Amino acid sequence: MTAPAGIDPRAPRFAAWITSALLLIATVLALTGVAASSAQATFGWFAYQPLSSSVFPGDQWAIGTASVGQRASDPGFVVAAIAAALFVWGLASPSTSPWAVLFRTAVRPRLAPPADLEDPRPPRFAQGVGLFVVGTGLVLHLAGVPLALPITTAAAFVAAFLNAAFGFCLGCQIYLLLQRAGLFARSGAAT
């Protein structure tokens, strides 16, 4: 099996900057939405009667009482769903994804040619890992699990930011570990 044509290593980092911004917005919105809201949090009651109960009255999450429609219309959910859709697009057709087209038409012409090209399979696998993490958060959020959405979007944000800022792609590292374990075939380096 021959290696696929190499890609500019700056393209996944460019996409990671945009993805990390989108995931940061999703995380902040999820933390301020129904996923992290308490159904009965009233600080006035706690201040007046601090010893009357050992349980804080806000121990019930609002997401448990919200309908599936309310959960799906939560702004954090909507932005995370957009991120998941972009992950799917990046997996299905990496060359036509919005960030790839933007990089190819607006950014790459202004840069010098890359010194070397990289194998596109690890970054594509990383897109799949991002989709799995964000998708898990979306499903758990719809199922009514408190804080699932902000935790998963925050985890995906950390991974995207590490790639964007430091060039350390967690999903690519997982791919290489799985390749060393023999789960993916090795092939020649992309040139």
Side-chain angles (χ1 to χ4, degrees), residues 3-32 35-36 76 79-138 140-141 147-191:
I7 60 170
D8 188 335
R10 300 168 293 190
R13 287 187 75 178
F14 173 77
W17 276 116
I18 300 169
T19 302
S20 62
L22 188 63
L23 289 169
L24 181 62
I25 292 167
T27 302
V28 169
L29 290 174
L31 284 171
T32 59
V79 175
I82 291 169
L86 290 169
F87 281 134
V88 169
W89 195 344
L91 278 170
S93 180
S95 61
T96 63
S97 68
W99 312 148
V101 171
L102 184 62
F103 179 80
R104 191 171 51 250
T105 58
V107 177
R108 189 169 183 181
R110 292 173 173 74
L111 301 174
D116 56 338
L117 301 176
E118 73 178 16
D119 186 356
R121 292 174 294 187
R124 193 169 186 180
F125 180 81
Q127 288 281 314
V129 172
L131 174 62
F132 176 77
V133 171
V134 174
T136 300
L138 291 170
L140 292 175
H141 179 78
L147 297 176
L149 187 61
I151 289 171
T152 57
T153 56
F157 164 74
V158 168
F161 184 77
L162 283 172
N163 188 11
F166 304 109
F168 184 76
C169 175
L170 286 174
C172 300
Q173 296 303 316
I174 293 170
Y175 178 88
L176 295 174
L177 285 172
L178 293 173
Q179 189 179 50
R180 285 186 199 119
L183 295 172
F184 296 120
R186 293 180 187 232
S187 64
T191 56

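Owing to the predicted nature of the structure, the values given are computational and were not obtained by experimental measurement. Below, all heavy atoms of this structure are taken into account, side chains as well, without hydrogens, waters or symmetry copies.
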Rounded distance [0.5 Å steps], [atom1] in [X] versus [atom2] in [Y]:
X: Leu117; Y: Asp8; atom1: CG; atom2: CG; result: 7.0 Å
X: Cys172; Y: Gln127; atom1: SG; atom2: CD; result: 9.5 Å
X: Thr19; Y: Asn163; atom1: OG1; atom2: CG; result: 9.0 Å
X: Ser20; Y: Arg13; atom1: OG; atom2: CZ; result: 11.0 Å
X: Thr27; Y: Phe157; atom1: OG1; atom2: CZ; result: 7.5 Å

How would you list, by chain and number, every residue that makes a side chain to side chain donor-acceptor pair (under 3.5 Å) with Thr96, sequence neighbours excluded? Trp89, Ser93
Could you walk me through whether Gln173 and Phe168 satisfy the side-chain contact (heavy atoms from CB on, under 4.5 Å) test, starting with their C-alpha distance in whole Å, then the side-chain angles of each, then the deciding distance to 0.1 Å, before giving a yes or no? CA-CA 8 Å; Gln173 296 303 316; Phe168 184 76; 3.7 Å; yes
Between Leu23 and Phe161, is the side-chain contact (heavy atoms from CB on, under 4.5 Å) condition met? List the steps. CA-CA 10 Å; Leu23 289 169; Phe161 184 77; over 6 Å; no
Only one of Leu178, Leu91, Leu176 clears side-chain contact (heavy atoms from CB on, under 4.5 Å) with Phe125; which? Leu178
Phe184 CZ: over 12 foreign heavy atoms closer than 6.0 Å: yes
Closest non-hydrogen atom pair between [X] and [Y], with its separation:
X: Pro98; Y: Leu86; result: CG-CD2, 3.7 Å
X: Gly76; Y: Leu149; result: C-CD2, 3.7 Å
X: Thr153; Y: Ala80; result: CG2-CB, 3.9 Å
X: Leu162; Y: Leu170; result: CD1-CD1, 4.0 Å
X: Ala126; Y: Cys169; result: CB-SG, 3.7 Å
X: Glu118; Y: Pro123; result: OE2-CG, 3.4 Å

Do Leu102 and Phe14 touch side chain to side chain, with heavy atoms closer than 4.5 Å? yes
Closer than 3.5 angstrom, by distance alone: can the side chain of Arg10 be matched with the main-chain N or O of Phe103 as a donor-acceptor pair? no
Distance-only, no hydrogens or angles: does the Gln179 side chain make a donor-acceptor pair with backbone N or O of Ala185 under 3.5 Å? yes
